[in-house]
Protein chains: 2
Amino acid sequence: MDIKIKDVAKAAGVSVTSVSRVLNGEQYVSAEIKQRVNEAINELGYTPSHIARSLKRKKTNLIGVIVSNITSNFFSTILSSIEETVDQHHYNLLVCNIMENLDKELRYLQTFQEMRVDGIIIMHEKVNDDIRRFLHQTKIPIIFCASPVDPAFPRVTVDDFSAAYDATRFLGDLGHQRIAFIGGDLEDVSSGRKRYEGYLKAISDIGLTIEPRWIKFGDYQVKSGYEQMKAILQEGPRPTAVFAASDDMALGAMNCLHDCGFHVPEQMSVIGFDGSELTELTRPRLTSMQQPIAMIGRLSVELLLEAIQNPDQSATLTTVPHQLVIRDSCRAPAGLV
Amino acid sequence: MDIKIKDVAKAAGVSVTSVSRVLNGEQYVSAEIKQRVNEAINELGYTPSHIARSLKRKKTNLIGVIVSNITSNFFSTILSSIEETVDQHHYNLLVCNIMENLDKELRYLQTFQEMRVDGIIIMHEKVNDDIRRFLHQTKIPIIFCASPVDPAFPRVTVDDFSAAYDATRFLGDLGHQRIAFIGGDLEDVSSGRKRYEGYLKAISDIGLTIEPRWIKFGDYQVKSGYEQMKAILQEGPRPTAVFAASDDMALGAMNCLHDCGFHVPEQMSVIGFDGSELTELTRPRLTSMQQPIAMIGRLSVELLLEAIQNPDQSATLTTVPHQLVIRDSCRAPAGLV
DNA sequence: ATGAAAGCGCTAACAT
DNA sequence: ATGTTAGCGCTTTCAT
């Protein structure tokens with residue numbers, strides 16, 4: 001590692017310029033020199049310094065990613081697809097797992113700036129004022145992935161309102177009259193609120209009345225699904241179906257139902273949101289409103305790379321299609337069959 | 001971003017050295033200069049370049065991580081703990097998700113070298129000759145995390161043999177006489193083989209005979225657990241208990257049993273390995289041989305950082321304790337109760 | 001087709 | 001206590 005381009009040049013008996021040229025596959029190098037240089041590189045075990053290169057080129061080929069919780073199957077799957085796409089374009093990934101800690105997010109954003117990353121991907125719903133200020137001030141291209149926080153930035157996401165609407169309607173079409181909702185955080189103006197609104201609209205379109213006792217909010221994670229389901233079961237008249245705004249929460253709800261002695265779907269239908277791998281791992285398998293997870297990751301990267309190439313584009317919203325995938329956790333309510 | 005230390009120096013009316021000094025919190029700067037510099041920094045919106053710094057200091061504060069499959073709960077949890085620890089020490093993480101692709105692993109290792117990462121963490125069982133050659137040739141400190149591939153390198157791991165032995169014995173102690181095993185890849189000399197050997201030893205210590213039809217190998221993932229369980233069910237006399245070498249495979253096995261109409265634990269006991277979050281999410285909850293997941297991540301980072309500080313240490317094996325966590329998926333075989 | 005040399009933004013040895 | 005300056009390892013004009 002202590003060996004540098006100059007050493008290679010010396011060993012090959014050429015100038016550093018020539019070495020640089022073969023390193024970068026440029027024209028104007030004779031086959032002979034190319035060969036001598038490559039031999040020298042192999043003999044010396046030379047690895048070019050990305051650092052020096054970045055400094056000179058003013059380009060790091062680094063992408064910073066902020067993810068709210070990497071242990072969630074939904075996020076890790078997106079991350080996996082991001083990594084794959086980034087890799088295909090010869091970029092590398094700097095990852096920050098913020099675990100809902102906004103201070104950490106801000107700190108990392110600053111680090112990303114110090115690192116001179118070429119672009120930033122944010123998979124997180126919440127931002128505070130400090131973060132918002134940073135995002136607006138920085139010149140680094142940014143994209144929101146599956147979390148359309150701020151219309152000032154490019155974002156790729158499903159139509160959360162419609163997707164939630166469709167999920168709720170699906171339950172209504174099965175004949176359910178008492179449909180509970182376990183939402184995400186209302187504070188995130190994006191998915192959290194949109195999915196809630198989609199649910200409300202569907203309920204009223206179906207011709208049902210809103211029942212506050214059947215509306216609870218968690219944090220998208222399994223545990224909160226469990227707890228909110230429990231709260232719903234404990235308060236008066238029971239619903240016959242539940243729509244959870246994430247598969248994780250749907251799983252939590254199913255576990256709660258199981259532990260309380262209720263059968264899914266015989267006594268309670270459960271529908272999730274995300275279409276993560278989880279849906280195939282539960283028993284019964286979980287019917288869910290599916291997001292095109294891999295596509296979201298890939299598109300985010302591709303749009304970001306475009307923005308890097310061509311910095312002054314306007315912020316666009318890219319909507320990807322949602323799709324209901326019916327598995328085994330929903331059916332018509334008991335009385336109706 | 002186009003503004004550099006020189007501009008700050010000019011704006012504050014001091015030398016670049018002074019700016020550098022306040023940037024790095026050194027002594028020998030008067031309070032007055034410090035103040036003027038900080039004001040200039042804020043006014044200009046200056047962010048120091050990590051790139052330039054790294055080039056000069058010959059230290060990037062970057063750690064490269066190779067993970068075999070980031071969507072697995074076990075690995076993403078370790079990764080989460082690695083990220084947390086690394087962050088506390090002011091390092092950053094470059095992540096490669098290889099998805100069992102060894103070519104990609106090698107390519108990333110080379111990229112890590114170009115990036116001049118200060119250290120590398122590998123969470124992957126398999127290596128080929130090219131990779132092995134690279135690992136031995138590079139001067140970058142390396143640690144194997146939860147995958148003790150090669151005794152030439154530091155590694156932190158549970159005692160896979162004993163852990164598998166204890167898990168199997170637990171089933172034996174419950175009274176099971178027919179204990180199946182779904183292992184990981186036998187090709188990985190480390191965990192895969194060790195867990196298998198632990199199983200074999202326990203079977204013979206319990207006084208049972210090895211039954212090849214009850215020994216299958218998967219790839220640690222859910223799907224293979226399902227398939228291998230199915231294979232076991234289809235071949236002649238059925239076991240009364242299964243030990244799967246990962247929680248993911250145990251879940252697959254449980255799902256297969258469910259789909260085939262068998263009840264866990266009434267008709268079949270299932271024990272997993274890893275102690276990932278999954279164990280609490282299944283119904284019945286999964287009894288599992290638990291690895292101290294967070295500790296493995298944290299220790300790996302700390303040992304790596306030590307090796308970075310002090311490069312010529314010998315490769316040590318750090319064994320972390322395993323622990324059986326009894327949940328609801330195992331009980332005495334039917335005839336015995 | 002090849003090479004000499006300037007400079008990317010910073011730190012640190014060396015003055016003062 | 002503060003400033004001058006020589007690199008860190010590379011790319012890239014500009015000459016030849």
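Letters go in sequence order (proteins before strands), and every chain restarts at 1. Values below: every heavy atom of this structure, side chains too, minus hydrogens, waters and symmetry copies.
- Straight-line distance from the CD1 atom of B/I5 to the P atom of D/dG3: 12 Å, rounded to whole Å.
- To the nearest angstrom, P of D/dT12 lies 13 Å from NZ of A/K59.
- DNA chain D lies under 4.0 Å from at least one heavy atom of each of the following residues of residues 12-19 of chain B: B/V14, B/S15, B/V16, B/T17, B/S18.
- The closest side-chain heavy-atom distance from B/I5 to B/P48 is not below 4.5 Å.
- Within the 4.5 Å cutoff, the side chain of B/V158 has heavy atoms near those of the B/P292 side chain.
- As a whole-Å value, the separation of B/H50 NE2 from C/dG9 C1' is 13 Å.
- Separating the CD atom of A/E32 from the P atom of C/dA1 is a distance of 14 Å, rounded to the nearest angstrom.
- Among the nucleotides D/dT11, C/dC10, D/dG9, the one closest to the side chain of B/R53 is C/dC10.
- Between B/D7 and B/K10, no side-chain nitrogen of the basic residue sits less than 4.0 Å from a carboxylate oxygen of the acidic one, so the salt-bridge criterion is not met.
- Within a 6.0 Å radius of CD in A/Q313, other residues, nucleotides and ligands contribute more than 12 heavy atoms.
- What separates CG of B/L55 from P of C/dT11 is a distance of 11 Å, to the nearest Å.
- One distance of note links CD of B/E100 with NE2 of B/H124; it measures 4.0 Å at 0.5 Å rounding.
- Rounding to whole angstrom units, CD1 of residue B/I41 and P of C/dC10 are separated by 10 Å.
- In this structure, CD1 on A/I66 lies 7.0 Å from CD1 on A/I120, to the nearest 0.5 angstrom.
- Across the helix from C/dA1-D/dT16 to C/dT16-D/dA1, the helix axis at one end is tilted relative to the axis at the other end by 40° (nearest 10 degrees, each axis from five pairs).
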ring-ring contact (aromatic ring centres under 6.0 Å, His included) between B/F153 and B/H136, worked out: CA-CA 9 Å; B/F153 299 97; B/H136 281 276; 5.1 Å; yes
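- With rounding to whole Å, B/K6 atom NZ is found 10 Å from C/dG7 atom C1'.
- Listed candidates were D/dC10, D/dA1, D/dG9. Nearest to the side chain of B/S30 is D/dA1.
- Residue B/I33 is in sugar-phosphate contact alone, with no base atom involved, counting any heavy-atom pair closer than 4.0 Å across all strands shown.
- Among the nucleotides C/dC10, C/dA13, D/dC8, the one closest to any side-chain atom of B/R21 is C/dA13.
- The distance from atom CD of A/E125 to atom CG of A/D185, rounded to the nearest 0.5 Å, is 8.5 Å.
- Between B/R57 and B/A31, the residue anchored nearer the 5' end of DNA chain D, judged by the nucleotide with its closest heavy atom, is B/A31.
- In this structure, of C/dC8, C/dC10, D/dT11, it is D/dT11 that holds the atom nearest to the side chain of A/S20.
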Without placing hydrogens or testing angles, list every side-chain donor-acceptor pair under 3.5 Å for residues 84-97 of chain B, not counting sequence neighbours.
from: B/T85; atom 1: OG1; to: B/S81; atom 2: O; distance (Å): 2.8
from: B/D87; atom 1: OD1; to: A/R107; atom 2: NH1; distance (Å): 2.9
from: B/D87; atom 1: OD2; to: A/R107; atom 2: NH2; distance (Å): 2.9
from: B/Y91; atom 1: OH; to: B/K59; atom 2: NZ; distance (Å): 2.6
from: B/N97; atom 1: OD1; to: B/I70; atom 2: N; distance (Å): 2.9
from: B/N97; atom 1: ND2; to: A/S80; atom 2: OG; distance (Å): 3.1

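- Within 6.0 Å of atom NZ in B/K126, more than 12 heavy atoms from other residues, nucleotides or ligands are found, so the atom counts as buried in its surroundings.
- Within 3.5 Å, no donor on the side chain of A/R116 pairs with an acceptor on the base of C/dG9, nor the reverse.
- At least one side-chain nitrogen or oxygen of B/K58 sits closer than 4.0 Å to the OP1 or OP2 atom of D/dG9.
- Rounded to an integer number of Å, the gap from B/K4 NZ to C/dT11 C1' is 17 Å.
- The side chain of A/K34 places no N or O atom within less than 4.0 Å of a non-bridging phosphate oxygen (OP1 or OP2) of C/dA1.
- Distances shown here put every side-chain N or O of B/K56 at or beyond 4.0 Å from the OP1 or OP2 atom of C/dT11.
- Between A/S49 and D/dC8 there is no side-chain N or O to OP1 or OP2 distance below 4.0 Å.
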